[in-house]
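Note that the structure is a prediction, hence the values are computed from the model and not measured. Counting starts at 1 for both ligands and their atoms, in listed order.
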Amino acid sequence: MTSRPRPHPSSTPPAAGSARAVVLIGFMASGKTSVGRALSHMLGWTFHDLDARVEAQEGRSIPQIFREAGEAHFRHAEREALSTLLKELSPSSPAVIALGGGAFAQSEIRRLLAQAGVPAVWLDAPHEELWQRCLGEAVDRPLARNQNQFRQLYEERRKHYTEAALHIHTNGKDVAEIAEELIGRLGLNRHLKEK
Ligand code: S3P
């Protein structure tokens with residue numbers, strides 16, 4: 001009897017070079033989108049930003065969704081958007097996916113990723129650093145309006161983030177260094193025609 005290789009869950013690193021998609025997780029302003037873009041360029045993979053897909057699916061911005069429909073609706077939309085995206089992935093079109101900061105805290109999202117065999121990479125930084133980055137960025141984040149709530153949410157979510165296959169400390173590193181570290185630790189192959 002032949003046994004088929006089983007898909008690895010999002011908490012298990014894939015065998016070196018075998019990943020055909022990677023998902024970046026972590027708290028708000030942890031660099032998921034900027035590292036995701038750099039990484040996709042280095043690998044020659046397609047980049048997908050889940051927040052952008054939620055906005056396109058809903059036809060409105062994230063602050064609008066929170067204001068007009070509430071957080072529960074936003075979380076539902078995140079699950080829908082990820083489920084649709086995972087169905088679109090194929091081995092011939094490998095992908096880097098950046099999730100919003102709260103997505104991986106949802107058990108259904110972790111289940112979808114595990115089922116699809118997509119490893120999660122946690123970009124970590126101290127909450128003071130993340131708060132300062134949020135203040136300095138032009139992005140309107142409905143859950144980054146109060147520093148105490150921000151810190152509380154950060155503490156609550158860490159137990160979920162620890163389920164990622166890979167944990168990268170980003171403090172003091174630039175985007176390219178983080179992407180390089182990720183490629184090295186997951187044993188991925190760089191795109192040869194990268195400019
Ligand atoms: C959220 C993070 C945001 C966005 C939404 C909710 C969160 O994404 O999904 O505002 O719950 O942490 P970023 O992590 O890209 O800021």
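- Salt-bridge annotation for Glu155 and Arg151: absent, with no side-chain N of the basic residue lying under 4.0 Å from a carboxylate O of the acidic one.
- A salt bridge is absent between Lys159 and Glu163; no separation between the charged side-chain nitrogens and carboxylate oxygens falls under 4.0 Å.
- Each of Tyr154, Phe104, Trp131 was evaluated against Phe27; a single residue qualifies, Tyr154, per the ring-ring contact (aromatic ring centres under 6.0 Å, His included) test.
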### Task
Decide side chain to side chain contact (heavy atoms under 4.5 Å, CB included) for Leu186 and Val22; before the verdict, give the C-alpha distance in whole Å, the side-chain angles of both, and the deciding distance to 0.1 Å.
CA-CA 10 Å; Leu186 282 186; Val22 166; 3.8 Å; yes
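- Across every non-hydrogen atom of Ala98 and Lys32, the tightest pair is CB-O, 3.7 Å.
- Using a 4.0 Å heavy-atom criterion, the residues that approach ligand 1 are Met28, Lys32, Asp51, Ile62, Phe74, Arg75, Gly100, Gly101, Gly102, Arg141, Pro142, Leu143, Arg157.
- The ring-ring contact (aromatic ring centres under 6.0 Å, His included) check on Tyr161 picks up Trp122, with sequence neighbours excluded.
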